[in-house]
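Structure first, then comments.
Heads up: numbering here begins at 1 and tracks the sequence. Start at 1 and go down the list; that is how both ligands and their atoms are numbered.
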Amino acid sequence: MKLLVVGGGGREHAIIKKLKENPSVEKIYALPGNGGIAEDAECVAIGAKEIDRIVEFAVENKIDYAVVAPDDPLVLGAVDRLNEAGIACFGPRANAAIIEGSKIFSKNLMKKYGIPTAKYEVFTEMDAALDYLKDAPIPTVIKADGLALGKGVVIAMTREEAYEAVRSMMADKVFGESGSRVVIEEFLTGPEVSVLSFTDGKTVIPMISSMDHKRALDGDMGLNTGGMGTIAPNPYYTDEIAKRCMEEIFLPTINAMNAEGRTFKGCLYFGLMITEDGPKVIEYNCRFGDPETQVVLPLLDGDLLTIMQACTNGTLADTPVKFKDSAACCVIMASDGYPGKYSGGFEITKDADIEGEVYIAGAKIVDGKLVNAGGRVLGVVAIGDTLGEAIDAAYKNVAKVHFDNAFYRKDIGKRAMAVFSDN
Ligand code: AMP
Ligand code: GLY
């Protein structure tokens, strides 16, 4: 089979490596891929948002199956367009991808169908939003309605910060049109859990749970990033919580999308917070998480392509999905300065005795050498029998990967491990 994967980050590298395990896969094209993915797939210089060119490429190259990984092309209708051209795809159509593409849509969906989430108000006028904030409980959370590269959420710890966030989104348009409408919501507390799930629109099968580390610095300090590391499974996600999530969140969401005529097929990501009142939805993503995928897929005990095709064909109920009884840790190595200004062009090398995967996110090949060319450069992953072992092994691997301006968090998994000493 000839496959095409749209996207070019660490998540796509992990997806491609897992897809390659299927012996019927002869060829994988990555659009655009990156310098590291080029070891595992043929990279083609077509951007993930260039839908016309993606469809044209897929048809010309007689692609048997396409995986659209990032949010932008999904929201822009890449799956609809590929399907119209006769190409089978993994991923939701645009009318279902809106669950990530519009926070107002997802919040209203949850309210309508009684799915637990933070209380909220929607604002389309800045003055009304500012007025509401005069008496709103602080801290409060301001979210731009549309996609904003994962940056459209501000946790305002003071009223002044809240006003400022609304002004910058609605007047200064720092996120463009994404911020012309905003959601202001209740600040929730509790450990966060990411649950990626496979769904064919009828059956939903959660993958092994994980935990992201979004802040740039140790101790969850510093700016928000695309994610500085992950662990799986997430020890806060107990069997009891998992059962509640299935009954109160996962199935109701799939059913709600069907009831709205927006059947969701693909990977539905539930960003959850385990509050004192039970699990609540912080956000939905219409795709695999990054860097959650880098710890979840190495633990998948089975064939990814078969499961993806079952999501497309509506046969997920008959398809076994199993995860290894192990743990994984991914430490992201970034270019120093990220998420602010950073430089690149430093050669990336790894020692030969590294055990585990290195998924490349931001790198290119210059004069035959792999050099960093992005904020988040790569994710170093290790598997262990226990979470503690996985974390230790991941950091041993980090010491075996080298580039001059590497920066990484030293405490990935620390919050998760605390659960064992707290109890
Ligand atoms: P997002 O960009 O939607 O992934 O949100 C970024 C982060 O903001 C989440 O991972 C949470 O840590 C935090 N967050 C979002 N909504 C809330 C909320 N209602 N209460 C507390 N924290 C939140
Ligand atoms: N790790 C969070 C995300 O993929 O949005």
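- Note: no N/O pair closer than 3.5 Å links Lys214 and ligand 2 by distance alone.
- With Val154, Ile155, Thr140 as candidates, the residue nearest to atom 22 (N) of ligand 1 on a non-hydrogen basis is Ile155.
- Among Glu100, Met273, Glu185, the residue whose heavy atom lies closest to atom 19 (N) of ligand 1 is Glu185.
- For the salt bridge (charged side-chain N to carboxylate O under 4.0 Å, His left out) with Lys107, the qualifying choice from Glu283, Glu185, Glu186 is Glu185, the only one to do so.
- Between Arg409 and Asp220, at least one side-chain N (NZ, or NE/NH1/NH2) sits under 4.0 Å from a carboxylate O, which counts as a salt bridge.
- Looking only at atom types and distance, the side chain of Ser197 has no donor-acceptor partner in the side chain of Tyr269 under 3.5 Å away.
- For Thr263 and Asn258, the side-chain atoms include at least one donor-acceptor pair closer than 3.5 Å.
- Each of the following atoms of ligand 2 lies closer than 4.0 Å to a heavy atom of Gly289: 4 (O).
- At a threshold of 4.0 Å, the pair Arg244-Glu240 does not count as salt-bridged, since none of the basic side-chain nitrogens sits closer than that to a carboxylate oxygen.
- Residue-level proximity to ligand 2 for Glu292 is carried by the side chain, the only part with a heavy atom below 4.0 angstrom.
- Neither the backbone nor the side chain of Phe288 comes within contact range of ligand 2; no heavy atom lies under 4.0 Å.
- For atom 16 (N) of ligand 1, the candidate residues are Lys143, Glu283, Lys119; the nearest heavy-atom contact is made by Lys143.
- With hydrogens and angles left out, the side-chain atoms of Tyr65 and Thr312 include a donor and acceptor closer than 3.5 Å.
- With ligand atoms numbered from 1 in the order given, ligand 2 contributes 1 (N), 2 (C) to contacts under 4.0 Å with heavy atoms of Tyr269.
- Short contacts between ligand 1 and Phe187, defined as distances under 4.0 Å to a heavy atom of the residue, involve ligand atoms 20 (N), 21 (C).
- The Lys214 neighbourhood of ligand 1 comprises atoms 4 (O), 10 (O), with distances under 4.0 Å to a heavy atom of that residue.
- If you look at Arg287 next to ligand 2, the close heavy atoms, those under 4.0 Å, all belong to the side chain.
- Remark: the Asn372 side chain and the Ser335 side chain contain an N/O donor-acceptor pair separated by less than 3.5 Å.
- Contact check on Asp40 versus Lys20 returns a salt bridge, with a Lys/Arg side-chain nitrogen under 4.0 Å from an Asp/Glu carboxylate oxygen.
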